[in-house]
Number of protein chains: 2
Amino acid sequence: MKLLVIEDEAELAASIAGYLTDYTCETAATFTQALEKIEMFTYDCILLDLTLPGGDGLRLLDLLKKEKRNDGIIIISARNAMEDKITGLTNGADDYIAKPFHLPELAARVYSVIRRKQFSSANVVEQHEVKIDLLSKKVFVEGTEVPLTKKELDLLLYFIGNKNKVISKGALAEHLSGDMADMLDSHAFVYAHIKNLKRKLTEAGYGNYLKNVYGTGYKWEI
Amino acid sequence: MKLLVIEDEAELAASIAGYLTDYTCETAATFTQALEKIEMFTYDCILLDLTLPGGDGLRLLDLLKKEKRNDGIIIISARNAMEDKITGLTNGADDYIAKPFHLPELAARVYSVIRRKQFSSANVVEQHEVKIDLLSKKVFVEGTEVPLTKKELDLLLYFIGNKNKVISKGALAEHLSGDMADMLDSHAFVYAHIKNLKRKLTEAGYGNYLKNVYGTGYKWEI
DNA sequence: GGGTAACGTTATCGCTACGTTAACGAATGT
DNA sequence: ACATTCGTTAACGTAGCGATAACGTTACCC
């Protein structure tokens, strides 16, 4: 899996590349640099920062679509630039994430975009003894169905997409509620969903792979 | 059941193939590739994108009809290209779907085309204890007729064509009204038709296979 | 190593969003 | 004009959500 991170803030680009270790990440810091890479290679997913020095990021998007490329595209942009969001998505971007964002959140979106792209093989997600049918929204542990609520399934997919990485409670809260503000809030409700997810999985005979990291967050350790 | 997806956007072709798991899907990305496949094999249904690189999609349609082939044909084309729709249908296509479309919608049309072809004389769809005569638009459960309205029948066929897949209320609303905008609206009317369909089927002694998935949609689980 | 404070776990519960159902006026077709 | 069907509305039932509080754990400090 190959990713291209088009981002002029070197620090941010580096942390993204460092976080998404399941993928091979390349980076581009300027418009021309990005153009060169895009014309040279294809990527499974392209992270595109719209505020790019040396050219408008949307022009890159247009280019990709005009060439009928099927690289997945996730727009990265400043928090309140809502117009960008709309323009970006109608122009063919697959997803959008607002700065500042949290890396697990980004990872989940990248995972989701890539999964959507390969709809054929990935409408069933398998991880160890867990099988998730994304079309019927059913979850199986060793063949027996485990009924999960929407939020529990959301959590499970989030963890599987970020396996072996510690996710902060705040990031989880934000992902579940879809609300940026929840990053700062109490997060207490996350406990409830984590608890229920763990309980349902263990009751179905699945080992406890969802572990707490004291003072930091949770991780799905496989 | 064999399908041919003639579509140059690889991502879209993959999504279609991945969604229509009840059929064996082959894909063709160019005019010549499509031509080769068509001349080599016959298909139960051919999905034909008219905006095809390397030749006009309508020429493929003409070819199929000149050879008196009876592969079912569904035209895929850009949303507002209404002339295509008319030309396509008068030239012998069996159905038409506008881009961008939703996969359940496509599945329903594929299902419908194949059934129509397969039972061109009898024209009967059977699913479990449900029997649908598409010509007289009559529905039978274990031999006794169940009078359904147009929308209820439409719903039933939609669900049968997308069995075991969760369909969002929005997609159902859009399918029933034929209006893209209904994807976002209140969808309240969907409740009414679902309720009536369920009532009529259960009153006729049919098990309840139409299930709600909380916060997500409905599915026909068989 | 006890004490303590911060963090994590778990069960309970009211609230809200969602879904169900029935009734009715609007729209449609014959 | 009539009957049928459609989609809106409102009242009701329910599942899941997230807050709360009581209880366990972990880490840290002396």
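- Atom NZ in A:Lys137 sits roughly 18 Å away from atom C1' in D:dA15 (whole-Å rounding).
- In the helix from C:dG1-D:dC30 to C:dT30-D:dA1, the rotation axis of the first five pairs and that of the last five pairs differ in direction by 40°, rounded to 10 degrees.
- Scored by the salt bridge (charged side-chain N to carboxylate O under 4.0 Å, His left out) test, A:Lys150 finds no partners at all (sequence neighbours excluded).
- Listed by first and then second residue, the salt bridge (Lys or Arg N to Asp or Glu O under 4.0 Å) pairs involving residues 156-166 of chain A amount to none (not counting sequence neighbours).
- When the side-chain contact (heavy atoms from CB on, under 4.5 Å) test is applied to B:Arg69, the partners found at least two apart in sequence or on another chain are B:Ile38, B:Thr42, B:Leu64, B:Glu67, B:Asp71.
- Among residues at least two apart or in separate chains, ring-ring contact (aromatic ring centres under 6.0 Å, His included) pairs with a member in residues 196-222 of chain A are A:His128-A:Tyr209, A:Tyr206-A:Tyr209.
- In the 5' to 3' direction, nucleotides of DNA chain C lying under 4.0 Å from heavy atoms of chain B begin and end at C:dA17 to C:dA22.
- With sequence neighbours left out, A:Lys2 forms a side-chain contact (heavy atoms from CB on, under 4.5 Å) with A:Thr24, A:Glu26, A:Phe41, A:Tyr43, A:Asp44.
- In this structure, the CG atom of A:Asn196 is 12 Å from the P atom of D:dG18, given to the nearest Å.
- B:Leu201 contributes atom CG, which lies 6.5 Å from atom CG of B:Leu148 (distance to the nearest 0.5 angstrom).
- Formation of a donor-acceptor pair under 3.5 Å by the A:Lys219 side chain with backbone atoms of A:Leu210 is not found in this model.
- Listed by chain and residue number, A:Gln33 satisfy the side-chain contact (heavy atoms from CB on, under 4.5 Å) test with A:Ala29 (two or more places apart in sequence, or in another chain).
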Could I get a table of every N or O pair under 3.5 Å where one atom is in the protein and the other is in nucleotides 25-30 of chain D?
| from | atom 1 | to | atom 2 | distance (Å) |
| --- | --- | --- | --- | --- |
| D:dT26 | O2 | A:Tyr214 | OH | 3.3 |

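- For A:Thr144, there are no side-chain contact (heavy atoms from CB on, under 4.5 Å) partners at least two apart in sequence or on another chain.
- Taking a 4.0 Å limit (strictly below) on heavy-atom distances, residues 144-153 of chain B reaches DNA chain D at B:Thr149, B:Lys150, B:Lys151.
- Checked against salt bridge (charged side-chain N to carboxylate O under 4.0 Å, His left out), B:Lys200 has the following partners two or more places apart in sequence or in another chain: B:Glu152.
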